[in-house]
Amino acid sequence: QVQLVESGGGLVQPGGSLRLSCATTGDIIRIVHMGWYHQAPGKQREMVALSPNDGSTNYRDSVKDRFAISRDDAKKTVYLQMNNLTPEDTGVYFCNVHVVEPTGWTRTVWGQGIQVTVSS
């Protein structure tokens, strides 16, 4: 079964940058949708970046022009570049993808979540 493995989180000072990675495992044909979600401490999970298969992107207003979602189709990996980080960006980040499997079916898969802490 397809699963996602997230990496790249950690502790960073305000104004710093991180790049989160979300690698797929298992056999997939292609990624047709990708997204990143943020869950702040004690808060609900919220979308921060989405990209459907047409190549367009959609960002939460608070991260627009600071974050960038992308993917490497050869590596079957999704990325979130995070720049000019603030303490409000602290929390757990979850990758979400829609993938086409060899059967022809599309599956929605969530990553395990990875911690990002922005603090001096």
Side-chain angles (χ1 to χ4, degrees):
Q1 183 172 338
V2 176
Q3 293 183 315
L4 305 180
V5 180
E6 299 183 42
S7 62
L11 175 65
V12 64
Q13 295 184 10
S17 298
L18 289 172
R19 189 179 77 158
L20 304 183
S21 297
C22 176
T24 61
T25 64
D27 194 12
I28 68 170
I29 301 299
R30 65 182 183 274
I31 298 171
V32 296
H33 164 88
M34 56 184 179
W36 287 92
Y37 294 76
H38 170 233
Q39 187 168 13
K43 305 289 287 186
Q44 294 184 346
R45 189 180 303 182
E46 296 182 343
M47 181 275 291
V48 295
L50 295 174
S51 182
N53 197 46
D54 63 5
S56 63
T57 56
N58 185 28
Y59 297 93
R60 188 165 68 183
D61 287 343
S62 62
V63 308
K64 189 175 180 63
D65 300 323
R66 297 193 299 118
F67 291 10
I69 187 171
S70 63
R71 73 180 188 232
D72 185 326
D73 287 328
K75 296 181 178 180
K76 297 182 176 64
T77 299
V78 176
Y79 303 97
L80 183 68
Q81 179 67 46
M82 304 185 294
N83 298 323
N84 195 23
L85 287 160
T86 75
E88 289 70 37
D89 297 318
T90 291
V92 178
Y93 285 78
F94 297 86
C95 180
N96 172 252
V97 300
H98 299 177
V99 300
V100 178
E101 298 180 320
T103 60
W105 293 103
T106 300
R107 183 183 298 275
T108 300
V109 191
W110 286 91
Q112 82 280 6
I114 189 164
Q115 178 70 38
V116 170
T117 303
V118 184
S119 176
S120 61

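Just the heavy atoms: all of them, side chains too, but no hydrogens, waters or symmetry mates, feed the values below.
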**Study point:** Side-chain donor or acceptor of Gln39 paired with backbone N/O of Val92 under 3.5 Å
**Key:** no
Exercise for review: Could you grab the distance from atom CH2 of Trp36 to atom CG of Leu50, nearest 0.5 Å is fine?
Suggested key: 12.5 Å
Check your understanding: Does Val109 belong to the same Ile/Leu/Val/Met/Phe/Trp/Tyr cluster as Tyr37, with side-chain heavy atoms less than 4.5 Å apart forming each link?
Key -> no
Practice item. Would you kindly confirm whether Ile31 and Val2 end up in one hydrophobic cluster when ILVMFWY residues are joined by side chain heavy atoms under 4.5 Å apart? Key: yes
**Study point:** Atom CD of Gln3 with >12 non-hydrogen neighbours under 6.0 angstrom
**Key:** no
Review point. Who passes side-chain hydrogen bond (donor to acceptor under 3.5 Å, both in side chains) against Ser56, sequence neighbours left out?
Key: Asp54
Practice item. Please list all pairs passing the ring pair (Phe, Tyr, Trp, His ring centres under 6.0 Å) test where one or both residues lie in residues 40-89, with sequence neighbours left out. Key: none
Review point. Could you give all pairs that pass the disulfide bond (SG atoms under 2.5 Å apart) test and reach residues 28-89, with sequence neighbours left out?
Key: none
Review point. Do you reckon Phe94 sits in the same ILVMFWY cluster as Val118, going by side-chain contacts under 4.5 Å, direct or chained?
Key: no
Exercise for review: Search all heavy atoms of Asp73 against all heavy atoms of Arg71 and return the closest pair with its distance.
Suggested key: OD1-NE, 2.8 Å
Exercise for review: Tell me, please, which residues at least two apart from Arg45 pass salt bridge (charged side-chain N to carboxylate O under 4.0 Å, His left out).
Suggested key: none
Show every donor-acceptor pair shorter than 3.5 Å between a side-chain atom in residues 8-24 and any protein atom, with sequence neighbours excluded, or say none if there are none.
| from | atom 1 | to | atom 2 | distance (Å) |
| --- | --- | --- | --- | --- |
| Ser17 | OG | Asn83 | OD1 | 2.9 |
| Thr24 | OG1 | Lys76 | O | 2.9 |

Review point. Can you get from Leu4 to Leu80 by hopping between Ile, Leu, Val, Met, Phe, Trp and Tyr side chains that sit under 4.5 Å apart?
Key: yes
Review point. Can you tell if the side chain of Met47 reaches within under 4.5 Å of the side chain of Asn58, non-hydrogen atoms only?
Key: yes
Review point. Is any side-chain heavy atom of Val97 less than 4.5 Å from a side-chain heavy atom of Cys95?
Key: yes
**Study point:** Residue pairs passing the side chain to side chain donor-acceptor pair (under 3.5 Å) test where at least one lies in residues 87-103, sequence neighbours excluded
**Key:** Arg66-Asp89, Thr86-Glu88, Thr86-Asp89, His98-Thr108, Glu101-Arg107
